[in-house]
Amino acid sequence: MSFKNKIKVTTPIVEMDGDEMTRIMWRMVKEKLLLPYLDMQLDYYDLHVKHRDETDDQVTVAAAEAIKKYRVGVKCATITPNAERVQEYQLKTAWKSPNGTIRGILDGTVFRKPIITKNIRPVVSAWKKPIIIGRHAYGDMYSNVEMQIAGAGTAELVYTPAGGGAELRKVIHEFREPGIIQGIHNTDASIESFARACFTFALDQQVDLWFSTKDTISKTYDAHFRDIFTREFEHNWQEKYHAAGLTYFFTLIDDAVARIMKHEGGILWALKNYDGDVMSDMVASASGSLAMMTSVLVSPQGYFEYEAAHGTVQKHYYRHQAGERTSTNSMALIFAWTGGLRKRGELDQTPAVAHFADTLEDAAIGTVESGIMTGDLLTVAEASAGNRKVDTEAFIDAIAANLHNKLSWNK
Ligand code: NAP
Ligand code: MG
């Protein structure tokens, strides 16, 4: 099925292909939902784990550089190799997480927002509105250095000033036995841009901003995040928030976790890198399914990278390879593309492209609301005689049919 007058996307989009089940769905989404309607140029990077291995992971760096050039990228889920994966794919080494590498190059904040449909109620009954997670995407554990300690000895933190001057040293631990250590870092510039991105995003979405760390325990590292947020708020946002009837609220991470379970939602919850990784999966799963969570990396320079928040759905892929039909949900992958296309349309001032993105999202949501859904949603959707579990491809086909109807004026 193809349209004569395809919608022109004027600037190339950086496409990053991925692994396993999401790679299979990625291709279906492109072929059935995008290419029939769009005349677009894709700057393609294959982040399949084998190709990352062949290029010594330089393909990941090249993809990040391309996002700097074109400003908008769309990424499929990718394997972050561990020891098992190194064996499975016969890799040279356990390459770093591509997301970590890309975020390290682009800096920025990841915003994750659940896709809401009328027939899927969050597991947490108090949640009436989306909880958006703003995850700092630089530093901390994701660019750590860590070490196994073989036996007795002293582990220290050492800072050597570049311009000379006295070294700073602190003892981490006097080991009497084998153990482990880890060094992490962050920069003021990155935390400041994280804070600015969150204050901007919350105001834009007209929601309150929460921020939480463990500054009672981490009196320098986490406290520094808190101080920078407070300073940023007081200097640049207080009046705007007051005028908009919005609040900025800081609380300890464990208090925030307890409160969020009883809150109605409709807030942006800003979190450090690891906290955001963990909490966004919790919010996604409690909102219905991991596959109903969108994710965008917003860099301080105005680069945007859209992806699904979930992984490569490895278990489904093994079943797919064994010849079984899976019922894997492509919603978040579709929304990665629509997010990228809408942003492309906005930057290029091509409203038809943004409109296509809206229409595709409507078609996808409409499909789920009509009762046609994948297995992950069937268990959480409101019971209805019309509900029907379909397989991976049939779900995309149903969305394609819906989209085709909505766009048929264009034939
Ligand atoms: P996962 O791929 O997110 O899947 C975990 C489970 O969540 C699945 O087994 C499935 O549950 C459910 N699920 C996730 N996405 C789904 C979808 N689209 N449709 C239906 N169900 C879905 O996490 P993982 O299995 O821990 O990780 C697999 C690989 O992904 C790993 O190699 C990891 O490194 C990588 N990963 C990549 C990213 C990324 O690129 N952004 C993020 C996370 C993980 P059931 O099995 O119960 O059906
Ligand atoms: Mg995660």
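Numbering starts at 1 and runs along the sequence shown.
Ionic pairing of Arg112 and Glu307 is present here: one or more N-O contacts between side-chain nitrogen and carboxylate oxygen are shorter than 4.0 angstrom. In this structure, Asp19 does not pair ionically with Arg85, as no charged nitrogen and carboxylate oxygen lie closer than 4.0 Å. Between Asp56 and Lys92 there is a salt bridge, since at least one side-chain N of the basic residue sits less than 4.0 Å from a carboxylate O of the acidic one. With respect to Glu305 and Arg103, no salt bridge is recorded, no charged nitrogen being found less than 4.0 Å from a carboxylate O. A salt bridge links Asp254 with Lys214; the closest basic N to acidic carboxylate O contact falls under 4.0 Å.
A donor-acceptor pair under 3.5 Å is absent between the side-chain atoms of Thr247 and the main chain of Phe249, judged by distance alone. Side-chain atoms of Arg169 do not come within 3.5 Å of backbone N or O of Val158 as any donor-acceptor pair.
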Take Tyr138 and Asn186, measure what side chain to side chain donor-acceptor pair (under 3.5 Å) needs, and give me the verdict at the end.
-> CA-CA 7 Å; Tyr138 178 83; Asn186 227 295; over 6 Å; no

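Ala363 and Asn402 get closest at one heavy-atom pair: O-ND2, 3.2 Å. The two residues Ser327 and Lys389 make their nearest non-hydrogen contact at CB-CE, 3.6 Å. The two residues Lys68 and Tyr303 have their closest heavy-atom pair at O-CE2, 3.5 Å.
Between atom CD1 of residue Ile172 and atom CD1 of residue Ile181 there is a gap of 5.0 Å, rounded to the nearest 0.5 Å. Atom CD of Glu88 and atom CG of Asn82 lie 9.0 Å apart (nearest 0.5 Å).
Crowding of Gln41 atom CD: a count of heavy atoms from other residues, nucleotides or ligands under 6.0 Å not exceeding 12. Heavy-atom contacts from other residues, nucleotides or ligands closer than 6.0 Å to CE of Met147 number 12 or fewer. More than 12 heavy-atom neighbours from other residues, nucleotides or ligands sit within 6.0 angstrom of CD on Gln182. Within 6.0 Å of the CD atom in Gln206, the count of heavy atoms belonging to other residues, nucleotides or ligands exceeds 12. No more than 12 heavy atoms of other residues, nucleotides or ligands sit less than 6.0 Å from atom CD of Glu84.
A centroid separation of less than 6.0 Å is found between the aromatic rings of Phe229 and Phe194. Aromatic ring centres of Tyr248 and Phe199 lie closer together than 6.0 Å. A centroid separation of 6.0 Å or more is found between the aromatic rings of Trp269 and His263. Phe233 and Tyr241 have their aromatic ring centers within a separation under 6.0 angstrom.
By the 30° and 60° cut-offs, the orientation of the rings of Phe175 relative to His173 is perpendicular.
Side-chain contact check for Ile365 versus Met331: some heavy-atom pair is nearer than 4.5 Å. Side-chain contact check for Asp222 versus Ile217: every heavy-atom pair is 4.5 Å or farther apart.
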